2 protein chains.
Amino acid sequence: MNARRPTIADVAREAGVSPSTASVVFSGKTPVSDATREKVHDAASRLGYLGPDPRAASLRRGRSGIIGVVSGGRLGSVFGDPVMRTTMDALADAVAPLGAGLLLVREGSVVAGEPTLLTAPIDAAVLIGCSGLLREHLASVRARGIPVVVIEGDGGEGVPVVALDNRAAQRRAAEHVRDLGHERVVAVTMPTRWDSESGWISADEERSTSVDVTADRLAGFRDVFPDAAAFAGVDSSIDAGVAVGRVIFGGGAPHPTAVVAQTDLLAAGVLRAAEEAGLRVPQDVSITGFDGIVVDGLAPYELTTLVQPAAAKGRAAGEAVAALLAGESPASSSLTSMFREGNTTGPAPAES
Amino acid sequence: MNARRPTIADVAREAGVSPSTASVVFSGKTPVSDATREKVHDAASRLGYLGPDPRAASLRRGRSGIIGVVSGGRLGSVFGDPVMRTTMDALADAVAPLGAGLLLVREGSVVAGEPTLLTAPIDAAVLIGCSGLLREHLASVRARGIPVVVIEGDGGEGVPVVALDNRAAQRRAAEHVRDLGHERVVAVTMPTRWDSESGWISADEERSTSVDVTADRLAGFRDVFPDAAAFAGVDSSIDAGVAVGRVIFGGGAPHPTAVVAQTDLLAAGVLRAAEEAGLRVPQDVSITGFDGIVVDGLAPYELTTLVQPAAAKGRAAGEAVAALLAGESPASSSLTSMFREGNTTGPAPAES
DNA sequence: TTGTATGCGTTATCAT
DNA sequence: ATGATAACGCATACAA
């Protein structure tokens, strides 16, 4: 009745070999004779030993095999975005060969006691779609020697970034709309802060936007329409888009003839709201999206949008992590989106 | 130029206190005089010490603060389901007070080298929507003394399960459909295995279904319609439902007058396919779902469905983990779904 | 309230 | 190919 779980030392003793040899049998780092290996395995199964304790191995090797993925907002809203899911999947694939898994770390710990970047045993951190608020946290993490990679954001000096051409791409969409003759244009954005609410964006708010992606895409829009109004959705979802669309098309004022949305989901919601309001797309109102995802059930519409390489983002981040862990200094990478014209944009209607 | 990162021992020395005192200052487990605390903090910042190394702390305490969440399939398809997202979010909230975070573990390691339940430093594991294939893995994990909780599945002897009344609830829907007079009924299911393809389910396949949820709901359907046909979707999504619906309503044979789908997303897809085929819902065909989620853009339809307590599932699992970690033996819990009649079901059309 | 002493379970280094 | 040894960095029981 030995309550204690057997250790590798017990196994070694039972097998009549040294602890280091037993260790090597399990790790396979050094050649071992077949006879020895068998002795050790026998001893292990006799004792019910199931392999090295990951915690002890972590300490000794200085590696836990865990990579923290930090994202803004709640899991539900983060994973509600198909782009994020694709990216995360690609990231998981990319770090798996390193023997690493993904630990979900929620920014701004929703609940007290929750592990943070500073208290979790992570080998590296990937920041994705985070607000700038995290910047200070980041400093401590880096000071600790934990490699950091940022996806679409600014990590500061020496932090590799996987960037997307958000501003240029969004500008491209805005130009397309402008070239079609539209003048009454509204931007529909993702949240400006992770705790922010839906509503028209004031100049102040626009200046202090802390979500990098939102800010960058809005800047691209501003390059073409410096004075147009912008409305923030509560998140990136069809429902949020519908809510925004109802406000935009609901007022008595002349409705906009074009809406430049920051995501396909928002665009799909706006489109639906436009239909609700009795407007035809694209005859009465043009709508552009961003992401290039397949929006369930949007047919027969096909959004005019910017197709972004979601999986490539995850892969690039994974490769950067691998390089950092190998002691290299990977360069930042920059991915580009592709403009795709669908059937949701058309010439501005004649002034009525 | 000391390359080595400072340890708590260095801090203690610098502060002129013992290592244990310094440790206590950081963990807060024991009262410390203000003066001492300050001395230690000063020394720490002077040395650039940022707190205890989580890896070493893990080993010493025997806890890593990490809970493995095992799910079938790829991240993308798992998190594509709103129910799963809600459950995961609630789970994350529930374990946060324990100081624990969630490590994503993919069943059947998609990529070689990926950490598994046996190699990751986890304190507990939560299995959610897994296939029975995992059963053997589970044995080793439990042998290791790692607590396990299963959400909607069978963990075997002594494993607390958070169950949903899948079978009874699905039976409820089937009865509703039968009571409306429907006889040509088809079940539309989630995948029967995680690697399975879409298609009519053969008797063999039905018997060997390894995804518990799929099997349970199908059994509930069978309680009422033992001989009806069943068609598996490639996953739980609107698109999968559309694909299934096109087959179901596309043939020359008389179309079914009712479809009992295993999820709301599948139901929504089937509904769309029915419309495509020129059928009216519910006059020509009745459709039921399962989950009770809000399906973006399904209005004006409101699915007849079973509303399941998604967040409660996550909370219950979190509480069970907490109890296990506290050395208790939590009982399994059983949650119930609520039948909600929408406007997608109606009397069977008269025989034509 | 603080200090002393020990061991958590492993693996890397080096020698044999 | 195998063995002896020494950390890895910390938190706890216990003593003072």
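Below, each value reflects all heavy atoms present in this structure, side chains not excepted, and no hydrogens, waters or symmetry copies. These figures come from a predicted structure and were not determined experimentally. We name chains A, B, ... by the order of the sequence lines, and we start the count at 1 in each one.
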[atom1] of [X] to [atom2] of [Y]: how many Å apart, nearest 0.5 Å?
X         : Y         : atom1 : atom2 : value
Leu98(A)  : Arg63(A)  : CG    : CZ    : 8.0 Å
Leu102(A) : Leu102(B) : CG    : CG    : 12.0 Å
Leu50(B)  : Ile146(A) : CG    : CD1   : 9.5 Å
Leu91(A)  : Glu319(A) : CG    : CD    : 10.5 Å
Ile66(B)  : Asp123(B) : CD1   : CG    : 7.5 Å
Ser71(B)  : Asp81(B)  : OG    : CG    : 11.5 Å

Which angle, rounded to 10°, do you find between the first-five-pair axis and the last-five-pair axis of the helix from dT1(C)-dA16(D) to dT16(C)-dA1(D)? 20°
Does [X] make a side-chain N or O approach to OP1 or OP2 of [N] shorter than 4.0 Å?
X        : N      : value
Thr7(A)  : dC8(C) : no
Thr36(A) : dT2(D) : yes
Ser33(B) : dT2(C) : yes

Set out, line by line, the N/O atom pairs under 3.5 Å between protein and nucleotides 12-16 of chain D.
none

May I have the distance from [X] (atom [atom1]) to [N] (atom [atom2]), rounded to whole angstrom?
X        : N       : atom1 : atom2 : result
Arg63(B) : dG9(C)  : CZ    : P     : 14 Å
Arg55(B) : dC8(D)  : CZ    : P     : 14 Å
Asp10(B) : dA7(D)  : CG    : P     : 15 Å
Arg5(A)  : dT10(C) : CZ    : P     : 11 Å
Arg13(B) : dC10(D) : CZ    : C1'   : 14 Å

Candidates dG9(C), dT2(C), dA11(D) - which lies nearest the side chain of Asp53(A): dG9(C)
What nucleotide among dG9(D), dA4(D), dC10(D) has an atom nearest to a side-chain atom of Ser18(A)? dA4(D)
Ile8(B) near the nucleic acid: base, sugar-phosphate alone, or nothing, with a heavy-atom cut-off under 4.0 Å? sugar-phosphate
Sugar-phosphate only, base, or nothing, as touched by Tyr49(A) at under 4.0 Å among non-hydrogen atoms: sugar-phosphate
For Thr30(B) and Leu59(B), find the nucleotide of DNA chain C closest to each by heavy atoms; which residue's nucleotide sits nearer the 5' end? Thr30(B)
Judged by atom type as modelled, is there a donor-acceptor pair below 3.5 Å linking the side chain of [X] to the main-chain atoms of [Y]?
X        : Y         : answer
Thr86(B) : Ala310(B) : no
Asp10(B) : Thr7(B)   : yes
Arg55(B) : Arg61(A)  : no

